[in-house]
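One structure is given here, and the rest of the page talks about it.
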Number of protein chains: 4
Amino acid sequence: MVPANGVSADQIRAFVERIERLEEEKKAVSDDIKGVYGEAKATGYDAKILRLVVRLRKQEPAERSEAEAVLDLYLHALGMAPAMEGDEA
Amino acid sequence: MVPANGVSADQIRAFVERIERLEEEKKAVSDDIKGVYGEAKATGYDAKILRLVVRLRKQEPAERSEAEAVLDLYLHALGMAPAMEGDEA
Amino acid sequence: MVPANGVSADQIRAFVERIERLEEEKKAVSDDIKGVYGEAKATGYDAKILRLVVRLRKQEPAERSEAEAVLDLYLHALGMAPAMEGDEA
Amino acid sequence: MVPANGVSADQIRAFVERIERLEEEKKAVSDDIKGVYGEAKATGYDAKILRLVVRLRKQEPAERSEAEAVLDLYLHALGMAPAMEGDEA
DNA sequence: ATGAGCCAGGGGTGGC
DNA sequence: GCCACCCCTGGCTCAT
């Protein structure tokens, strides 16, 4: 159903307002997240590392392994040891 | 505070889980937004234009701020700081 | 040393080194820019405002594009595509 | 030397133009970098991983080790040891 | 500690 | 219908 000869202002308005409402919610949640990081920081934790942890947990382990494999491959090609705990090449 | 270094596994876990929960919410809202655009499209509207409308409505307040900034810029350029404290040397 | 998988260490190294070289150049230019701002500041100008001026001059062309986008928006909303083809759907 | 009662238009113009010139250079270099990544990609390499490699090479090894140590600490606290598991709160 | 500038990654759009 | 390009948002760094 295409509003070909004249759009419906009401419909447009409704859509736009729904979206704007949702974007407000989204921003609120983002701010909450930011707040939690701030709290963690105030408690003595490193927010940056915390973000990294969250990111790692989000990754599928399989994915991660694959990415690491490729990375290792490249690093190896460059003569750089694969960044493990016994460091340095 | 258990694991020696002032790092509490419980605290970390709590922070991470709160964040993860909030990120799920955030994603849900993002998906809702996407859904609304899809609905609008199905109704015959152009999602791209709708996005533009939303963006424009969001920018309008910002534009006013920018206008004020430009005013200040010119006042400053004329050596007439806007009647406030703290002009730098 | 070609690690089997179609990965050529020489190629990787070449790419990486080219990139690193370019990033050095880029950093040098960034530092030059920073230097000019510092100079301006030392001469008595406000670097922040100078940045704003530069940004505004950069945005002016973009604004025209935006204006055109808005025009298209309204034309589209009226069912009048920009003087060309029919309508979609 | 503060141009307090009347800025020098010439000076401002000169600063702005020097900056704009440098920013053009900078953009040119950025484009070159992008070009190299594109080339690498066309040759069959993964640009994302390549970026990672470049970033890793840029990091001081010490820095990296420290960051990894903290990360390990947190992961361990969460029971996500990077090879050995079995921690739990 | 806060805020701005810079940069990289992700999402959306147009082209093949 | 999928892929590459581009814009834009979010994170990191550094200066105040």
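Convention: sequence-line order gives letters A, B, ...; per-chain numbering from 1.
Salt bridge status for D:E25 with D:R21: present, with a side-chain N to carboxylate O gap under 4.0 Å.
Results of the side chain to side chain contact (heavy atoms under 4.5 Å, CB included) test with A:V53 over A:R57, A:R55, A:R51 single out A:R57 as the only residue that passes.
Between the NZ atom of C:K26 and the C1' atom of E:dA8 there is a distance of 10 Å, rounded to whole Å. In this structure, D:L22 atom CG and E:dC6 atom C1' are separated by 16 Å, rounded to whole Å. Here F:dC7 presents its C1' atom at 14 Å from CD of C:Q59, a figure rounded to the nearest Å. Spacing between atom CG of B:D31 and atom P of E:dG12 amounts to 10 Å, rounded to whole angstrom units. Here the P atom of nucleotide E:dG5 and the CD1 atom of C:I49 are 12 Å apart, to the nearest Å. The distance from atom CD1 of C:I19 to atom P of E:dC7 is 16 Å, rounded to the nearest whole Å. When the P atom of E:dC6 is taken as reference, atom CD1 of D:I33 falls 15 Å away, rounded to whole Å. One can place CZ of D:R55 at 14 Å from C1' of F:dT13, the figure rounded to the nearest angstrom.
Within the structure, every side-chain polar atom (N or O) of C:K34 is placed at least 4.0 Å from both OP1 and OP2 of E:dC6. Taking 4.0 angstrom as the limit, B:R51 places none of its side-chain polar atoms (N or O) nearer than this to OP1 or OP2 of F:dC8. Contact annotation: D:K27 side-chain N/O to E:dC7 OP1/OP2 distance is not under 4.0 Å.
Closest-nucleotide positions on DNA chain E for C:L52 and D:K48 were compared, and the one nearer the 5' end corresponds to C:L52.
In this structure, D:K34 and D:Y37 have side chains that are not in contact, with every pair of non-hydrogen atoms separated by 4.5 Å or more.
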>> Go through it in stages, so that I can follow the logic: the residues are C:L73 and B:L56, the test is side chain to side chain contact (heavy atoms under 4.5 Å, CB included), and I'd like the CA-CA distance, side-chain angles, deciding distance and then a yes or no.
In response: CA-CA 11 Å; C:L73 164 66; B:L56 289 174; 4.3 Å; yes

